[in-house]
Chemist: 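For reference, the structure I am asking about is given below.
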Amino acid sequence: MDRIKAFDTLFVNPSDKDGLSKAAKLLSDGNVVAFPTETVYGLGADATNSDAVKKIFEAKGRPSDNPLIVHISDKSQINELVEEITPVAKKLIDNFMPGPITVIMRKSSKIPSEVSAGLNTVGIRMPSHKVALEFLSLCGCPVAAPSANLSGSPSPTTAMHVKNDMDGYVAAIVDGGDSNVGLESTVVDATGDIPVILRPGAITSEMIDEALSTTTAYAGALEAGSIPPAPGMKYRHYAPGCPVEIITLPNTLEGVDYTDEKLSEEQKDEVFKLFAPFVLRAKEILDSNPAARIGIFGGHEISYFVEKLDDERFSSHINFYIYGDLCDVSSASHCLFDGLRHLDRQEVDVILAPGFKGEGLEVAYMNRLSKAAGNIVDDVPSRAYDEINDNTVDIPLEYFDDVFTSSVLFVSENDTNLSAICEGVLTKLFAKKGPFCSSENRKIGAELYVESCGLYASDGLSPDSMAVEAFSDVVGGTIAHHLSRRADVSIYDMNDLILTAHDKQAFEILNSYPELDGRVFSLSSYMASKGLVIKGDDGRVASVSIPDPTGENKETYIHTTKAIKAWLQILFPYIIKDLGAERFS
Ligand code: TXA
Ligand code: MG
């Protein structure tokens, strides 16, 4: 979607009553205004004005098939927005509004289809945040609002996050300080006889059960961390640019003072177990890649013990984001999105974050964290099934002082299958995730491109027809025009990074041209060199080996193409770094 930087965005400090009225006036006049809530910041527009609502999607850079939550400042507004307040809805409203909950009810004709995305229901939410209530009441209309992040980045929990994503794209941003809860509201479908949680949040199923004396259902069998099938869940929110690994915590140790020298041996053991998985994992990563930079989202216990361990590699290779006590899930939730954004900005190669067991608020925390980490389906990370995101940044051409080029070469056997698909996928990623600049100097643009060749290829052959079909099904677009090429040293020389589908081919190239050492990797040795290990839900290490589909059926080609897409999306940040570039956004 086109994002047009069309606004001189007004920034409003909450104590500035005049400013708040101005921002509310901008909204009721049909503009988009970002405002604080206790969960995350919202991107609001008049919910009764279709044209205004459409502008939300332009600012967010996401398509409009996801329903929006309608925000109110007074419960008396609900009646005209919905067809029916069921007994379940009434109890939820009485018990939890205002607060971090969204109640889904059948909508009235006042709600345009731009808000409900064609559904016959609408989500109503009354925040408990003081500035939010003041602002909403000044607007004088129901306010449709998704979270105020750019599509694909974590939800914003500070006005600064909103500014980073939305400056110039919205009419005003109201600053209301840090969002207290830090995770989006619990979305509950209250159209039936029992409440159904579509998205876990700070109002937990336990709280709802207790207040309503019912047994709340989750949409789908929701385990801690799994993804409920609410519309909109297919979008990849919450994801930072680098991989996130979840380090599951052993039994909690609340109340033990880990700094106490007088701890019993038993207690020391327990404390060690608590932070050991983080430290061991960090060690493992540094052992396999001494240059790795590791981000740890954790409690102060971890930094204390890392200091104590006195491994000099740690001090220079670990970036900490400390949210409070390791076992305090409220602090972890409150800081999660800020932590992901912060560590991502430090350009760490991987983020380690604690995993909780999954009760109460832990369910919501794990739900958001596992999305950031990407789930595993059939050994293929779920990112395989996501669309390759657009990064639609408009930059004037004259912005860059200079431009350099850098390129990746994929090498396979015949260059009619795997390498052609790899070339197609990475080319698409470069096109969609650009523009790029030099990682040394953001005033120098980077033009990244991709080539392929085969060790035993004949020149000028088209890709296998099934590879072409699978590519267009899985990735979109075509590789039909690709022509195979025989590998030779002049091709190697022209490329900055050479990746092969299998170890064997990388060995073969290095055998003939030892001077290329450091530039040639198989996909799996490349992963390993970055200290990247991807684990499946079952805890097994997922293999990056991609079998050659030649002679197999279409299903195999599709699976292969999905796997390539998934792995290249994961390797993408490493690849551009090795090319001397970073995303310009
Ligand atoms: O805490 C929050 O809920 C924040 C603040 C700004 O209020 N808003 C928010 O909005 O997170 P958004 O658009 O990022 O997420 C809304 C979620 C989506 O998963 C959407 O599919 C679901 O709520 N949703 C909204 N209306 C729905 C409906 N009628 N039926 C089912 N799901 C709905
Ligand atoms: Mg959102």
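Start at 1 and go down the list; that is how both ligands and their atoms are numbered.
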Chemist: Hey, which atoms in ligand 1 end up nearer than 4.0 Å to a heavy atom of T121?
Modeler: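 Matching atoms, with element in brackets: 28 (C), 29 (N), 30 (N).
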Chemist: Identify whether the distance between the nearest side-chain nitrogen and carboxylate oxygen of K55 and D51 falls below 4.0 Å.
Modeler: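 Salt bridge between K55 and D51, a charged N being under 4.0 Å from a carboxylate O: no.
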Chemist: N/O of K60 under 3.5 Å from N/O of ligand 1, yes or no?
Modeler: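 No.
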Chemist: Check this for me - ligand 1, Y41, N or O atoms closer than 3.5 angstrom, yes or no?
Modeler: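 N/O-N/O distance below 3.5 Å does not exist for this pair.
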Chemist: From the options P67, G44, A145, select the one whose nearest heavy atom is closest to atom 25 (C) of ligand 1.
Modeler: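 Answer by nearest heavy atom: P67.
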Chemist: Is ligand 1 under 4.0 Å from a heavy atom in the side chain of L198, in the backbone, in both, or in neither?
Modeler: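 Looking at L198 and ligand 1, just side chain atoms fall under 4.0 Å.
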Chemist: With a cut-off of 4.0 Å, which atoms of ligand 1 are near a heavy atom of L119?
Modeler: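 Reading through ligand 1 atom by atom, the close ones are 28 (C), 29 (N), 30 (N).
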Chemist: State whether the number of non-hydrogen atoms from other residues, nucleotides or ligands found under 6.0 Å of Q346 atom CD is greater than 12.
Modeler: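 Yes - once you tally the heavy atoms of other residues, nucleotides and ligands closer than 6.0 Å, there are more than 12.
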Chemist: Check whether the side chains of T37 and R125 place a donor and an acceptor atom closer than 3.5 Å, and report yes or no.
Modeler: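 Short answer, yes.
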Chemist: Hey, mind stepping through D325 and S331 against side-chain contact (heavy atoms from CB on, under 4.5 Å) and telling me if it holds?
Modeler: CA-CA 8 Å; D325 290 345; S331 300; over 6 Å; no
Chemist: What atoms of ligand 1 come closer than 4.0 angstrom to any heavy atom of E184?
Modeler: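 Taking each heavy atom of E184 in turn, ligand 1 has 1 (O), 2 (C), 11 (O) under 4.0 Å.
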Chemist: Does ligand 1 have a heavy atom under 4.0 Å from the side chain of K107, from its backbone, from both, or from neither?
Modeler: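 Neither; no heavy atom under 4.0 Å.
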Chemist: List every atom of ligand 1 that sits less than 4.0 Å from any heavy atom of V187, numbering the atoms from 1 in the order shown and giving each element.
Modeler: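 It comes down to these atoms of ligand 1: 23 (O).
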Chemist: One residue to check: I104. Relative to ligand 1, which of side chain, backbone, both or neither has a non-hydrogen atom less than 4.0 Å away?
Modeler: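 Within the 4.0 Å criterion, I104 contacts ligand 1 through side-chain atoms alone.
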Chemist: Answer with yes or no whether the side chains of S185 and T102 bring together a donor and an acceptor at under 3.5 Å.
Modeler: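 Yes - a donor-acceptor pair under 3.5 Å links their side chains.
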Chemist: State, to 0.1 Å, how close A332 and F297 come at their nearest heavy-atom pair, and which atoms those are.
Modeler: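 Shortest heavy-atom contact: O-CZ, 3.4 Å.
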Chemist: Backbone N or O of L81 within a donor-acceptor pair of the S108 side chain at under 3.5 Å?
Modeler: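 Side chain of S108 to backbone of L81, a donor-acceptor pair under 3.5 Å: yes, one is there.
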Chemist: Provide the number and element of each atom of ligand 1 under 4.0 Å from a heavy atom of H71.
Modeler: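 Counting from 1, the qualifying ligand atoms are 5 (C), 6 (C), 7 (O).
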Chemist: Testing the basics here: between F356 and L326, what is the closest heavy-atom pair and its distance to 0.1 Å?
Modeler: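 F356 and L326 have their closest heavy atoms at CZ-O, 3.5 Å.
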Chemist: Check ligand 1 against S147 and write out every atom of the ligand that is under 4.0 Å from a heavy-atom position of the residue.
Modeler: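 The atoms of ligand 1 under 4.0 Å from a heavy atom of S147 are 8 (N), 9 (C), 10 (O), 12 (P), 14 (O).
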Chemist: We want to know whether D338 and H161 form a side-chain donor-acceptor pair, criterion being a heavy-atom distance below 3.5 angstrom.
Modeler: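 Short answer, yes.
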Chemist: For atom 13 (O) of ligand 1, which candidate among S155, P146, G118, P36 provides the closest heavy atom?
Modeler: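 Checking each option, the heavy atom nearest atom 13 (O) of ligand 1 is found in P146.
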Chemist: Would you name the heavy atoms of A24 and L138 that are closest together and state the gap between them?
Modeler: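 Closest heavy-atom pair between A24 and L138: CB-CB, 3.5 Å.
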Chemist: Any N/O of T37 closer than 3.5 Å to an N/O of ligand 1?
Modeler: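 Between T37 and ligand 1, no N or O pair is found under 3.5 Å apart.
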Chemist: Please could you name the atoms of ligand 1 that G42 approaches to less than 4.0 Å, counting only its heavy atoms?
Modeler: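 Listed by number with element: 6 (C).
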